[in-house]
Amino acid sequence: MTDTAVLFENLHPVADAPLIAAGMAVERHASALEPAELHKALGNARLAGIRSRTKMTAAAFDAAPRLLALGCFCIGTNQVDLDAAASHGVPVFNGPFGNTRSVAELTLASVIMLMRGIPMRSSAARRGEWLKSATNSHEVRGKKLGIVGYGNIGSQLSVLASGLGLHVYFYDVEPKLAHGNARSVASLEDLLELADVVTLHVPSLPSTRNMMDTAAIARMKPGSILINQARGDLVDIDALAAALESGHLLGAAVDVFPKEPASKDEAFVTPLQKFENVILTPHIGGSTLEAQEAIGDDVAAKLARFVTHGATKGAVNVPELDPGPIKPGRVRLLSFHGNAPGYLSRLNDAVSAAGANIAAQYLETRGELGYVAADLEGALPGDFLDRVKAMDGTLRARLIEV
Ligand code: NAI
């Protein structure tokens with residue numbers, strides 16, 4: 001039977017090559033499918049690729065008995081029942097970093113536009129008003145950019161901003177190596193008090209929710225700018241609106257909101273709509289063709305590595321293991337199993353009973369799931385894989401022969 005990777009939602013064509021190299025035929029669907037059609041399309045799939053609109057429920061995994069792995073060619077995995085996937089021994093991969101550069105570029109562009117008062121002047125020009133003045137217009141050179149969260153995006157932004165002559169300061173809860181001349185500050189409060197522009201690049205966590213509330217915004221310098229292109233619950237929008245209303249803040253750029261429309265048919269409403277010195281964008285910080293290509297490359301490569309040597313590095317729902325390429329003369333046994341004492345010794349007994357030798361072995365666990373890769377030498381009996389599958393605790397097992 002042909003091994004097929006079924007790709008939905010018009011994924012970037014760059015995804016095909018690694019999948020074909022891993023021995024897959026690629027079947028493409030232009031959009032997301034409704035459950036009945038989706039389940040039919042998954043009936044024979046070895047791999048599946050989706051974006052955010054395909055709902056991978058427990059029923060979808062039940063309908064895909066041959067599915068080895070699922071790739072989410074996007075950042076989020078909320079559209080997938082991750083526990084159901086794990087209980088079928090199906091790793092789920094995503095592409096969390098492919099759009100890093102896209103967000104960093106948008107942030108930098110927002111800094112420049114806001115420091116020049118462009119959104120307001122552009123709106124006025126559309127109405128026929130000619131706001132030709134330098135009032136509140138600044139070069140970014142020599143200004144202080146305060147980055148909250150110096151991870152992938154924050155640090156990339158730091159490099160780009162330094163190139164434009166901004167002085168970069170950052171605050172992160174983890175120790176981070178500063179790029180170029182960027183300087184780490186000891187607390188969020190310190191950062192808020194010194195920066196001309198504060199930009200948020202932290203995840204949504206209980207500790208970051210509403211981190212920019214009335215008190216935090218009040219600490220920002222009068223006439224400064226706030227940018228949130230990270231997550232919608234980091235900023236108290238009413239507090240931001242009040243600070244714009246009072247003139248304490250000169251402007252803002254917001255790409256993410258506490259409540260975002262589910263589709264383009266739903267109206268978008270925020271108290272920030274009335275401010276012309278605010279750049280409002282519909283959660284497109286990471287949405288570029290280049291990001292889609294980078295994500296296509298990244299996720300397809302992860303799926304291919306899982307097919308060819310069982311690597312689960314980057315999976316969001318199963319133990320992460322990267323046993324590397326399989327050496328010549330070896331066969332790799334892969335088993336997802338219940339994380340309970342005794343499984344490994346039973347597995348090793350089964351290998352001994354088959355007359356094979358374990359040349360290398362790798363094990364990782366995550367919650368209730370264990371994942372083992374064992375490289376075996378010596379001829380294996382024809383029913384060896386069936387014996388492993390029948391073992392107490394085995395969830396899903398396969399052999400890779402090179
Ligand atoms: P990352 O995980 O690489 O970096 C986040 C950094 O924030 C880490 O260094 C972490 O130590 C730090 N951090 C966590 N809690 C903190 C706190 N309380 N104070 C200061 N620092 C803290 O994440 P990445 O890839 O840089 O993404 C950053 C944000 O951007 C995420 O929220 C992500 O969801 C969002 N994002 C938004 C997109 C959009 O379309 N607007 C697209 C891509 C990412």
Side-chain angles (χ1 to χ4, degrees), residues 51-52 72-79 94-111 145-161 168-179 182-195 198-213 215-217 219-220 226-237 252-261 268 270 272 278-296 298-299 314 316:
R51 271 204 260 262
S52 57
C72 296
F73 287 70
C74 51
I75 314 299
T77 53
N78 298 342
Q79 72 282 34
N94 64 345
F97 307 124
N99 58 12
T100 297
R101 170 73 187 212
S102 301
V103 180
E105 285 191 12
L106 180 68
T107 308
L108 193 58
S110 305
V111 174
L145 177 66
I147 300 177
V148 185
Y150 206 65
N152 287 291
I153 296 172
S155 56
Q156 172 101 221
L157 171 65
S158 169
V159 173
L160 298 177
V168 176
Y169 296 80
F170 67 89
Y171 168 67
D172 199 293
V173 284
E174 303 280 337
K176 296 280 172 169
L177 184 70
H179 291 268
R183 276 182 244 169
S184 160
V185 300
S187 70
L188 176 63
E189 289 71 24
D190 289 352
L191 191 80
L192 299 178
E193 285 167 13
L194 70 80
V198 171
T199 182
L200 309 178
H201 299 284
V202 296
S204 169
L205 298 169
S207 56
T208 58
R209 206 153 293 150
N210 274 340
M211 69 193 304
M212 294 308 294
D213 58 8
I217 292 172
R219 275 186 185 269
M220 290 175 63
L226 178 62
I227 297 177
N228 181 16
Q229 293 166 342
R231 279 294 170 260
D233 59 0
L234 306 178
V235 176
D236 177 340
I237 293 284
V254 185
D255 184 49
V256 287
F257 301 85
K259 193 174 175 317
E260 297 179 0
F268 167 58
T270 170
L272 302 177
V278 174
I279 299 174
L280 295 176
T281 44
H283 202 150
I284 42 79
S287 305
T288 62
L289 296 179
E290 288 76 8
Q292 282 177 14
E293 181 171 350
I295 290 170
D298 179 26
V299 180
V316 298

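Counting starts at 1 for both ligands and their atoms, in listed order. All values below come from the heavy atoms of this structure, side chains included, with hydrogens, waters and symmetry mates left out.
Atom 12 (C) of ligand 1 has as its closest protein heavy atom Asp172 OD2, 3.3 Å. With respect to atom 31 (C) of ligand 1, the closest heavy atom belonging to the protein is Val202 O, 3.6 Å. For atom 4 (O) of ligand 1, the closest non-hydrogen atom of the protein is Gly151 CA, 3.2 Å. Shortest contact from atom 17 (C) of ligand 1 to any protein heavy atom: Val173 CG1, 3.6 Å. Looking at atom 35 (C) of ligand 1, its nearest protein heavy atom turns out to be Ala230 O, 3.5 Å. At the shortest separation from atom 25 (O) of ligand 1 among protein heavy atoms lies Asn152 CB, 3.8 Å. Nearest to atom 44 (C) of ligand 1 among the protein's heavy atoms is Ile153 CD1, 3.6 Å. The single protein non-hydrogen atom nearest to atom 5 (C) of ligand 1 is His201 O, 3.5 Å, given as residue, atom name and distance.
With contacts defined as side-chain heavy-atom distances shorter than 4.5 Å, the pair Arg219/Met212 does not qualify. You'll find the side chain of Gln79 reaches within 4.5 Å of the side chain of Cys72, heavy atoms only. Counting heavy atoms from C-beta on, the side chains of Tyr171 and Leu192 never come closer than 4.5 Å.
Near Val103, with a cut-off below 4.0 Å to any heavy atom, the atoms of ligand 1 are 38 (C), 42 (C), 43 (C). The His283 neighbourhood of ligand 1 comprises atoms 39 (C), 40 (O), 41 (N), with distances under 4.0 Å to a heavy atom of that residue. Heavy-atom contacts of Asp255 reach the following atoms of ligand 1: 39 (C), 40 (O), 41 (N) (cutoff under 4.0 Å).
A donor-acceptor pair under 3.5 Å is formed between the side chain of Asp255 and the backbone N or O of Gly285. In this structure, the side chain of Asn228 engages the main chain of Arg231 through a donor-acceptor pair within 3.5 Å. Put simply, the side chain of Thr208 gets close to the backbone of Pro203: a donor and an acceptor are under 3.5 Å apart. For the pair Asp172 (side chain) and Gly149 (backbone), a donor-acceptor distance under 3.5 Å is absent. In terms of modelled atom types and a separation under 3.5 Å, the side chain of Asn94 and the main chain of Ile75 share a donor-acceptor contact.
When heavy-atom distances to ligand 1 are checked against a 4.0 Å cut-off, Thr208 comes that close only through its side chain, counted from C-beta outward.
Scored by the salt bridge (Lys or Arg N to Asp or Glu O under 4.0 Å) test, Asp233 finds Arg209 as partners (sequence neighbours excluded).
Judged by the shortest distance from any of its heavy atoms, Thr100 lies outside the 4.0 Å radius around the atoms of ligand 1. In this structure, Lys176 counts as a contact residue of ligand 1, since one of its heavy atoms falls inside 4.0 Å of the ligand. Residue Ile75 places no heavy atom under 4.0 Å from ligand 1.
Among the atoms of Ile284, none of the N or O lies under 3.5 angstrom from an N or O of ligand 1. No N or O atom of Ser204 sits closer than 3.5 Å to an N or O atom of ligand 1. Distances between N or O atoms of Gly154 and those of ligand 1 include no value under 3.5 Å.
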Criterion side-chain contact (heavy atoms from CB on, under 4.5 Å) on Ile284 and Leu106, from CA distance to verdict: CA-CA 9 Å; Ile284 42 79; Leu106 180 68; 4.2 Å; yes
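Under the 4.0 Å distance rule, the nearest protein heavy atom to atom 2 (O) of ligand 1 falls outside the cut-off. Per-atom contact check: atom 7 (O) of ligand 1 touches the protein, criterion being a heavy-atom distance below 4.0 Å.
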Show me the donor-acceptor pairs, under 3.5 Å and distance only, between side chains in residues 151-158 and residues at least two apart or in other chains.
residue : atom : partner : partner atom : Å
Ser155  : OG   : Gly151  : O            : 2.5
Ser155  : OG   : Asn152  : O            : 3.4
Ser158  : OG   : Tyr150  : OH           : 2.7

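Between Val202 and Val148, the closest heavy-atom pair is CG1-O, 3.5 Å.
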